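Read through the structure below, which is laid out as structure tokens, and then see the notes.
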Amino acid sequence: MKRLHFNLITLACVTLFGCENPDGIADDAQTRDYSTIFTPLPSKTIYPSNNPYSETKERLGELLFWDPILSGDKDTSCASCHHPDFGWADGRILSIGSDGIGLGPQRYGFQVTSIHAPTIMNVAYTGIKNNESDSSFVSGGYFWDLRADTLEEQSLGPIKNPVEMLGYNNNEKEIMADIVERLRLIPEYVTLFEQAFGVTEAVSSENIVKAIATFERKITSPNTRFDRFLSGEQSIFTQQEIIGLNKFIDGGCARCHLGPMLSDNILHLGEAIIGTDIVRTPSLRNISYTAPYMHDGSRARLIDAIADYENRGDLDVTIGEDDFADIEAFLQTVNTDDFYKGIPTIVPSGLTVGGNIN
Ligand code: HEC
Ligand code: HEC
């Protein structure tokens, strides 16, 4: 009873007065002004002016994303490693590409990537800053080392990589011309490209990547409980979630994990989190759907990734074991199950949807 009484007082304190303890130190469970650190993710995708949205383009991109015709040996698709069942990642430590069979942790084969596959959820917003929501925003860069500036450019990476989609029977320099030739022989694709780009002979390397990027921009996860909290519905957070959020900020996490994506999307030179590799800060949106974690996929559970930050004064981070569960509770609020999970039933090439993933 005494405990309940205390909680009610704290709650009233938090929701009504935002008060401080008698000694003037902010209460742990106190909400504050977070708007300089985080703002909500825009709820509608921003498309770049050089690749505007159209419904047909998005649909075409979706079919290309799932069609193994884009791989050298016609056995692998983007969805082999970015699948809705695994939060649009693959649920694996490292990915298996061009000779692989199966999906997710069950997938087997010899062509293994050197780095863990991130999700493509919210890639439309990669690099976005607080309150940036108009057409002047340009997303990027991409990959763990930021080597691709745009989403359009990014998709050429896996297509030209022997481990991922190219295979070893094909040539990196010729593959795009080969794919264009393959697609031109399929009437459904010819029609879709013409409709999507409004010109005849629209099947081209440039338009392939534009369509894929347009589809990827569809897959977002805004309107989480965190976004609602930031938009003023502060009462939807539990005390533990507020405590976790405050620890996340005061513990130093938000130095790098800030903004609508909870990421500054920059490389932290001299501040490697795991091992010695220098990688960019990943987004923490919908993190519960994209295990395992870190660029080497070495952390199986979210709490393991959080625990990596204990005793990391070198990163100006001050969290201890007592903080892990609160921070995890807060990070769960940045999740939503409400993201696109569609899978086409057929692809225009007539090949197996998604490649050898069954
Ligand atoms: C064999 C598995 C595999 C396949 C197939 C694959 N990817 Fe990936 N994807 C990865 C891996 C691994 C990375 C990280 C590579 C890196 O950062 O160097 C990645 C990174 C990405 C990123 C960057 C995300 C970010 O946050 O920076 C995007 C976008 C992406 N892939 C889209 C695609 C598209 C589109 C296709 C099909 C054209 C595709 N992928 C095919 C494994 C795969
Ligand atoms: C100096 C910048 C920086 C700070 C400070 C920082 N992080 Fe990170 N965070 C990163 C980078 C960079 C990675 C990727 C590291 C890797 O893959 O090796 C990462 C990865 C993560 C991941 C895994 C994400 C994924 O999808 O794999 C989690 C979870 C995480 N950080 C949480 C936190 C928490 C909690 C704190 C505070 C205790 C924190 N970070 C502080 C930069 C930072």
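Computed from a predicted model, the values in this text were never measured in an experiment. Order of listing sets the numbers, starting from 1, for every ligand and every atom in it.
Side-chain contact between Asp308 and Ile274: present, with at least one pair of heavy atoms (C-beta onward) separated by less than 4.5 Å. Side-chain contact between Thr290 and Trp88: absent, with no pair of heavy atoms (C-beta onward) separated by less than 4.5 Å. Side-chain contact between Arg285 and Thr220 is absent, with no heavy atoms from C-beta onward closer than 4.5 Å. Between Tyr47 and Glu58, some side-chain heavy-atom pair lies under the 4.5 Å cut-off.
In summary, the atoms of ligand 1 found under 4.0 Å from a heavy atom of Ser95, numbered by their order in the structure, are 2 (C). Numbered from 1 in the order shown, with element, the atoms of ligand 1 that lie under 4.0 Å from a heavy atom of Ile212 read 35 (C). Taking every non-hydrogen atom of Ser77 and a distance limit under 4.0 Å, the qualifying atoms of ligand 1 come out as 5 (C). The Gly97 neighbourhood of ligand 1 comprises atoms 1 (C), with distances under 4.0 Å to a heavy atom of that residue. Each of the following atoms of ligand 1 lies closer than 4.0 Å to a heavy atom of Pro158: 6 (C), 36 (C), 38 (C), 39 (C), 40 (N), 41 (C). In summary, the atoms of ligand 1 found under 4.0 Å from a heavy atom of Leu151, numbered by their order in the structure, are 29 (C). Taking a cut-off of under 4.0 Å to the non-hydrogen atoms of Ser155, the atoms of ligand 1 that pass are 35 (C), 38 (C). Every atom of ligand 1 with a heavy atom of Cys81 under 4.0 Å away is listed here by number and element: 1 (C), 2 (C), 3 (C), 4 (C), 5 (C), 42 (C), 43 (C).
Contacts between Ile96 and ligand 1 below 4.0 angstrom, taking non-hydrogen atoms only, involve the backbone exclusively. Only the side chain of Glu216 comes within 4.0 Å of ligand 1, judged by heavy-atom distances.
Checked by distance only, ligand 1 and Phe143 come closer than 3.5 Å through their nitrogen or oxygen atoms. By the 3.5 Å distance cut-off applied to N or O atoms, Gln154 is counted among the residues near ligand 1. Taking distance alone, with nitrogen or oxygen atoms compared against 3.5 Å, Thr113 stays at or beyond that limit from ligand 1.
Here Ser231 pairs with Pro40 under the side-chain contact (heavy atoms from CB on, under 4.5 Å) rule; sequence neighbours left out.
Between Glu233 and Arg228, at least one side-chain N (NZ, or NE/NH1/NH2) sits under 4.0 Å from a carboxylate O, which counts as a salt bridge. The residues Asp250 and Arg32 are annotated as salt-bridged, a charged nitrogen and a carboxylate oxygen being separated by less than 4.0 angstrom.
Taking a heavy-atom cut-off of under 4.0 Å, ligand 2 is surrounded by Trp144, Phe248, Gly252, Cys253, Arg255, Cys256, His257, His268, Glu271, Ile273, Ile274, Val279, Arg280, Thr281, Pro282, Leu284, Ile287, Tyr293, Met294, His295, Leu302, Ala305, Tyr309, Val317, Ile319, Ile327.
Within a 6.0 Å sphere centred on CG of Asp145, heavy atoms belonging to other residues, nucleotides or ligands number more than 12. Other residues, nucleotides and ligands contribute only 12 or fewer heavy atoms inside 6.0 Å of the CD1 atom of Ile346.
Classification of the His295-Trp144 ring pair by plane angle, with boundaries at 30° and 60°, yields perpendicular.
Checking Asp73 against Asn169 by side-chain atom types alone, a donor-acceptor pair falls below 3.5 Å. At a cut-off of 3.5 Å, with distance as the only test, no side-chain donor of Gln30 or Asn246 sits close to an acceptor on the other residue.
A centroid separation of 6.0 Å or more is found between the aromatic rings of Trp66 and His82.
For a distance bound of 2.8 Å, the N, O or S atoms of His82 include one lying that close to atom 8 (Fe) of ligand 1.
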